[in-house]
Amino acid sequence: MADGISVWVPVISALAASVLTGTIQYFMNRQNHYFALEREEKARAERLLQEKEVKQEKIDRERHFIAIELVFLLEQFAETCSNVVADRGEYNADPQPTREPTVDYPELSFTDVTGNWQVLDTRLMYRIRELLVLQREARNAIAYAYECESDGECKDYFRERKYQYARLGLKPSFRSDACARWPDFRIHALRFRNGPHNLS
């Protein structure tokens, strides 16, 4: 009987060793797989974060570019509106002289703006684009005042002209201030350190 047991002892010990080795190998592989998945997940998260930062940096650059374009365009338009407001007109050489303006209306146009409008805040973009409609409304109101004018002084016409272009000239200033107040936009500090119309 002792011979029968002695035959089985090496078989059992070999079988136990292989089961133990297989179990250890299984758990080691499982642990390595878990760590590999964790590393891949961490690398993916870092890659996504880096892509997001690059995308945000690109949007910020585009936003600053269009903001600079718009600030200077709107400030220039506001300044030309103030020229219309200051215009007192001159009398023409007709037998019954009438007062005529000496300054033409400024033309606001965004065709030269090459920046990406999609990076702007939608409310700000709406308010900036609204200026074109307000410009048309101002011209219609001034034209109506001119049609209703009865004397050569054209007081109502010039009053309406001053009112409409003073109102129209203030709106671009507010819009350009909104552009200049974006975070990390350094032109805001420059504008108000040197004065609103002195950017040198």
Side-chain angles (χ1 to χ4, degrees), residues 1-78 107-136 168 170-200:
M1 183 140 167
D3 287 336
I5 291 178
S6 64
V7 172
W8 286 103
V9 168
V11 172
I12 291 175
S13 65
L15 187 62
S18 61
V19 167
L20 183 62
T21 303
T23 305
I24 291 172
Q25 187 66 35
Y26 170 76
F27 284 113
M28 290 289 288
N29 286 342
R30 189 172 172 190
Q31 193 69 18
N32 287 338
H33 183 68
Y34 172 76
F35 287 137
L37 286 177
E38 189 176 328
R39 279 193 308 272
E40 288 175 10
E41 187 66 33
K42 187 176 178 182
R44 186 180 312 125
E46 287 175 0
R47 193 171 48 252
L48 288 174
L49 180 64
Q50 186 178 15
E51 288 173 2
K52 185 177 178 182
E53 287 173 355
V54 167
K55 184 178 179 183
Q56 186 61 43
E57 186 178 314
K58 182 181 177 190
I59 288 172
D60 289 344
R61 278 196 316 268
E62 289 177 359
R63 184 178 289 150
H64 287 153
F65 178 74
I66 193 169
I68 289 170
E69 284 184 307
L70 289 173
V71 164
F72 286 108
L73 180 73
L74 294 174
E75 288 288 333
Q76 182 180 11
F77 180 71
E107 187 66 39
L108 179 63
S109 173
F110 298 113
T111 55
D112 293 336
V113 176
T114 58
N116 184 0
W117 285 87
Q118 294 175 343
V119 297
L120 293 178
D121 177 57
T122 53
R123 287 181 305 189
L124 179 61
M125 182 172 55
Y126 173 81
R127 288 183 178 155
I128 290 172
R129 291 293 194 160
E130 176 189 35
L131 291 172
L132 296 173
V133 175
L134 296 175
Q135 178 178 314
R136 245 185 327 243
L168 191 60
L170 287 174
K171 291 185 184 288
S173 292
F174 296 141
R175 301 323 187 252
S176 68
D177 285 348
C179 288
R181 290 180 199 270
W182 282 335
D184 298 330
F185 195 56
R186 291 186 174 81
I187 196 167
H188 175 68
L190 177 69
R191 287 181 72 241
F192 290 99
R193 183 177 61 222
N194 293 334
H197 295 289
N198 182 8
L199 293 172
S200 58

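In what follows, every heavy atom counts, from backbone to side chain, and hydrogens, waters and symmetry copies are set aside.
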Atom CD of Q50: over 12 foreign heavy atoms under 6.0 Å: no

Hey, mind stepping through T114 and F65 against side-chain contact (heavy atoms from CB on, under 4.5 Å) and telling me if it holds? CA-CA 9 Å; T114 58; F65 178 74; 3.3 Å; yes

Would V54 and K58 satisfy side-chain contact (heavy atoms from CB on, under 4.5 Å), going step by step from the backbone distance to the final call? CA-CA 6 Å; V54 167; K58 182 181 177 190; 5.7 Å; no

Here the gap from L74 atom CG to F110 atom CZ, rounded to the nearest 0.5 Å, amounts to 5.5 Å

When you measure from the side chain of E62 to the backbone of V119, do you find a donor-acceptor pair of N or O atoms at a distance under 3.5 Å? no

Within this structure, what is the CD-CG distance for the pair E53 and D60, rounded to the nearest 0.5 Å? 11.5 Å

Please tell me if the side chains of R127 and K171 come closer than 4.5 Å, counting only heavy atoms from C-beta onward. no

Side-chain heavy atoms of M28 within contact of I24, under 4.5 Å: yes

Just wondering, more than 12 heavy atoms not from E130 lying within 6.0 Å of its CD? yes

As an exercise, state the distance from CZ of R136 to CG of L132, rounded to the nearest 0.5 Å. 7.0 Å

I would like to know whether N116 and I66 meet side-chain contact (heavy atoms from CB on, under 4.5 Å); could you show each step before the answer? CA-CA 7 Å; N116 184 0; I66 193 169; 5.8 Å; no

Rounded to the nearest 0.5 Å, the CD1 atom of I68 sits from the NE2 atom of H64 at a distance of 8.0 Å

Verify side-chain contact (heavy atoms from CB on, under 4.5 Å) between K42 and R39, making sure each step is shown before the conclusion. CA-CA 5 Å; K42 187 176 178 182; R39 279 193 308 272; 5.7 Å; no

List the atom of L168, the atom of L131, and the distance in Å for their closest heavy-atom pair. CD1-O, 4.2 Å

T122 OG1 to R129 CZ distance, which is reported to the nearest 0.5 Å: 13.5 Å

Evaluate the salt bridge (charged side-chain N to carboxylate O under 4.0 Å, His left out) criterion for residues E51 and K55: first the C-alpha distance (whole Å), next the side-chain angles of each, then the deciding distance (0.1 Å), finally the verdict. CA-CA 6 Å; E51 288 173 2; K55 184 178 179 183; over 6 Å; no

Distance-minimising heavy-atom pair for M125 and W117: SD-O, 3.6 Å

